[in-house]
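Residues: numbered from 1 along the sequence shown. Computed from heavy atoms alone, side chains included, the values below leave out hydrogens, waters and symmetry copies. Given the structure is predicted, the values throughout are model-derived calculations rather than measurements. In each ligand, atom 1 is the first atom listed, and ligand 1 is the first ligand listed.
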Amino acid sequence: MQDDVVIMYVFVMTVDVPVGGSSVNLDVAHPCRPVQFDFGVEKVRAGVSVECSRVDDLYRLAVCGLQRFEWKEFVFPDVVQQLFHGARAEKFIFTNKSNEIQVKSLSLREKISAYYLKNMKIALIGYGKMGHMIEQIALERGHEIVSIIDIDNREDFASEAFRSADVAIEFTTPQTAYDNYLQAFAAGVKVVSGSTGWIPEHGEEVRRLCREEGHTLFWSSNFSLGVAIFGAVNRYLAHIMSGFPAYDVRMEEVHHVHKLDAPSGTAITLAEDLIHAIGRKDKWVKGTFTAPDGTVSGTEACAANELRVDSIRRGEVPGIHSVVYDSEADCITITHDAHNRKGFALGAVLAAEYTATHEGLLTMDDLFQF
Ligand SMILES: NC(=O)C1=CN([C@@H]2O[C@H](COP(=O)(O)OP(=O)(O)OC[C@H]3O[C@@H](n4cnc5c(N)ncnc54)[C@H](O)[C@@H]3O)[C@@H](O)[C@H]2O)C=CC1
Ligand SMILES: O=C(O)C1=N[C@H](C(=O)O)C[C@H](O)C1
């Protein structure tokens with residue numbers, strides 16, 4: 001069968017961008033890159049033409065197993081010319097081999113920066129486990145950290161340095177996140193936040209601030225690509241299982257002993273998605289809680305219409321989420337197991353890159369349409 005061919009129009013900047021390595025992997029073609037403009041993609045397959053227009057499309061097509069990409073000349077729309085003086089068009093061939101896009105006829109020196117608008121000024125709110133990891137990844141990606149605010153220097157919200165940030169990345173606590181958003185909004189700074197546990201109290205007001213008062217917040221209970229994929233599998237599986245009532249469903253999340261909230265924000269997102277797709281559950285409820293010393297509180301008992309979510313706190317586990325469908329005959333379990341916090345941190349930085357050029361209440365659905 002003839003290879004799929006994508007004719008893609010792309011521009012290449014002349015500025016330097018750290019790419020690293022001799023090939024460009026999926027990360028570079030990641031949909032989160034803040035490409036602000038459309039570049040046309042024409043997919044030719046067995047005589048069928050499909051119009052695509054964003055980096056997301058490249059990513060999706062790559063994952064679908066496309067064999068060959070052709071990057072052709074790009075006719076710059078006015079907006080791109082205004083934004084990028086000196087941009088020039090070039091033609092490159094990309095091949096997809098085992099989920100990796102390798103660049104052919106593109107030397108490292110040429111640096112593909114089509115995915116960068118510019119290096120950003122980032123402020124960090126919360127300099128704990130996530131704040132440190134985000135700092136490292138942001139620097140690796142060529143961004144500048146202009147301000148770091150933690151519990152002891154909150155007056156820095158009023159500083160010039162903080163106000164100069166393109167985006168603030170906030171990872172603090174369930175109790176403090178909302179006030180941090182207000183401080184950042186008052187300083188005119190957009191926020192990316194992964195803090196969990198604040199939505200029951202402040203969710204409505206934050207939605208209003210973004211939808212009616214022009215503030216920008218990108219929030220996700222989990223920024224990792226793996227959980228975004230897992231979420232899509234969860235929704236699809238729930239859709240299938242809605243036709244098989246012999247299976248009851250429950251969830252379980254395992255996290256490190258320092259975690260303040262239970263169930264985890266990710267578990268709540270997964271539970272809400274699942275309930276939306278399956279007819280026989282209409283709310284999630286807290287099930288058992290296993291404390292670090294092994295003590296179990298709560299209960300496994302719940303009504304048929306309730307989705308039970310069990311929480312376990314153990315050691316330094318970065319985060320494990322499972323959805324379990326159980327019947328008399330067998331059990332189907334899907335699990336996402338984070339090996340470390342890198343995926344969360346990279347996702348948060350990618351979200352910040354996206355947020356720098358977008359407005360309003362933003363979520364992972366803006367980045368991935370699985
Ligand atoms: N959405 C996601 O992908 C992820 C979300 N999280 C969430 O992010 C939050 C933070 O996680 P970690 O960094 O692991 O916690 P951590 O406890 O290591 O760090 C939190 C930091 O926030 C600081 N802090 C507390 N109150 C503050 C305030 N009012 N202003 C400024 N800083 C303040 C603390 O001093 C600490 O340095 C938690 O809610 C966690 O559930 C964690 C990992 C991934
Ligand atoms: O507190 C954590 O560590 C994590 N919190 C998030 C959550 O509540 O889901 C995301 C991840 O699981 C790690």
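If you look at Y127 and H132, their ring centroids are closer than 6.0 Å. For F185 and F157, the ring centers sit 6.0 Å or farther from each other.
Near Y127, with a cut-off below 4.0 Å to any heavy atom, the atoms of ligand 1 are 37 (O). Near P318, the atoms of ligand 2 lying under 4.0 angstrom from a non-hydrogen atom of the residue are 13 (C). Heavy-atom proximity to F344, at under 4.0 Å, picks out these atoms of ligand 1: 3 (O), 43 (C), 44 (C). For ligand 1 and I151, the ligand atoms under 4.0 Å from any heavy atom of the residue are 26 (N), 31 (C), 32 (N), 33 (C). For ligand 2 and H321, the ligand atoms under 4.0 Å from any heavy atom of the residue are 12 (O).
Within the 4.0 Å heavy-atom criterion, neither part of S224 lies near ligand 1. In S264, the parts holding a heavy atom less than 4.0 Å from any atom of ligand 2 are both the side chain and the backbone. Residue contacts with ligand 1 for D150 involve both N, CA, C or O and side-chain atoms from C-beta outward (heavy atoms, distance under 4.0 Å). Neither the backbone nor the side chain of H258 comes within 4.0 Å of ligand 1, counting heavy atoms alone. Counting heavy atoms closer than 4.0 Å to ligand 1, residue S264 contributes nothing at all. Contacts between K259 and ligand 1 below 4.0 angstrom, taking non-hydrogen atoms only, involve the side chain exclusively. The proximity of N180 to ligand 1, defined as any non-hydrogen pair under 4.0 Å, is limited to the side chain. Of the heavy atoms in F223, both backbone and side-chain atoms come closer than 4.0 Å to ligand 1.
A 6.0 Å sphere centred on NE2 of H276 holds no more than 12 heavy atoms belonging to other residues, nucleotides or ligands. Shown here is K286, whose NZ atom has no more than 12 heavy atoms of other residues, nucleotides or ligands within 6.0 Å. Other residues, nucleotides and ligands place more than 12 heavy atoms under 6.0 Å from the CD atom of E205. Taking a 6.0 Å sphere around NE2 of H258, one finds it holds more than 12 heavy atoms contributed by other residues, nucleotides or ligands. Within 6.0 Å of CD in E213 there are more than 12 heavy atoms belonging to other residues, nucleotides or ligands.
Given atom 17 (O) of ligand 1, the protein heavy atom at minimum distance is K129 NZ, 3.8 Å. Of all protein heavy atoms, the one closest to atom 21 (C) of ligand 1 is G128 N, 3.8 Å. Nearest protein heavy-atom contact of atom 6 (C) of ligand 2 is S221 O, 3.6 Å. The protein heavy atom nearest to atom 38 (C) of ligand 1 is T172 O, 3.7 Å. When only non-hydrogen protein atoms are considered, atom 1 (O) of ligand 2 lies nearest to K259 NZ, 2.9 Å. Of the protein's heavy atoms, G194 O, 3.0 Å lies nearest to atom 5 (C) of ligand 1. The nearest protein atom to atom 4 (C) of ligand 1, hydrogens excluded, is given as F171 CE2, 3.5 Å; this is a heavy-atom distance. In this structure, the protein non-hydrogen atom closest to atom 28 (C) of ligand 1 is R154 NH1, 3.5 Å. Nearest protein neighbour of atom 27 (C) of ligand 1, counting heavy atoms only, is T176 OG1, 3.9 Å. Closest to atom 11 (O) of ligand 1, if we only count protein heavy atoms, is M130 CG, 4.1 Å. Protein heavy atom at the shortest distance from atom 2 (C) of ligand 2 is H256 NE2, 3.5 Å. Of the protein's non-hydrogen atoms, H255 NE2, 2.6 Å is the one closest to atom 12 (O) of ligand 2.
Between S264 and D261, the side chains place no donor N or O within less than 3.5 Å of an acceptor N or O (distance only, hydrogens not considered).
A 4.5 Å side-chain heavy-atom check between H255 and V317 finds every atom pair outside the cut-off.
Checking only distances, I125 never comes within under 3.5 Å of ligand 1, N or O to N or O. Taking only nitrogen or oxygen atoms, main chain and side chain alike, G265 reaches within less than 3.5 Å of ligand 2. Note: an N/O pair closer than 3.5 Å links T266 and ligand 2 by distance alone. Residue-to-ligand polar distances place T196 within reach of ligand 1: an N/O pair is separated by less than 3.5 Å. Checked by distance only, ligand 1 and T173 stay at 3.5 Å or farther apart across all their nitrogen or oxygen atoms.
Using a cut-off of 4.0 Å between Lys/Arg side-chain N and Asp/Glu carboxylate O, R141 and E353 are scored as salt-bridged. With respect to the salt-bridge test (charged N to carboxylate O, under 4.0 angstrom), the residues R314 and D293 do not qualify. A salt bridge is defined here as a Lys NZ or Arg NE, NH1 or NH2 lying under 4.0 Å from an Asp or Glu carboxylate O, and R154 with D156 fails to meet this definition. Between E306 and K283 there is a salt bridge, since at least one side-chain N of the basic residue sits less than 4.0 Å from a carboxylate O of the acidic one. Salt bridge R308/D248: absent, no basic N to carboxylate O contact under 4.0 Å. Contact check on E359 versus K190 returns a salt bridge, with a Lys/Arg side-chain nitrogen under 4.0 Å from an Asp/Glu carboxylate oxygen. Checked for salt-bridge contact, D166 and K121 miss the test: no charged N lies under 4.0 Å from a carboxylate O.
At least one heavy atom of F344 sits less than 4.0 Å from an atom of ligand 2. Residue contact check for ligand 2: H258 places no non-hydrogen atom closer than 4.0 Å to it.
Side chain of T216 to main chain of G360: a donor-acceptor pair is present (N/O by atom type, distance under 3.5 Å, no hydrogens or angles).
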For ring pair (Phe, Tyr, Trp, His ring centres under 6.0 Å), just list the numbers for Y181 and W219, CA-CA rounded to whole Å, side-chain angles, deciding distance to a tenth of an Å, and then say yes or no.
-> CA-CA 11 Å; Y181 304 162; W219 182 79; 8.9 Å; no
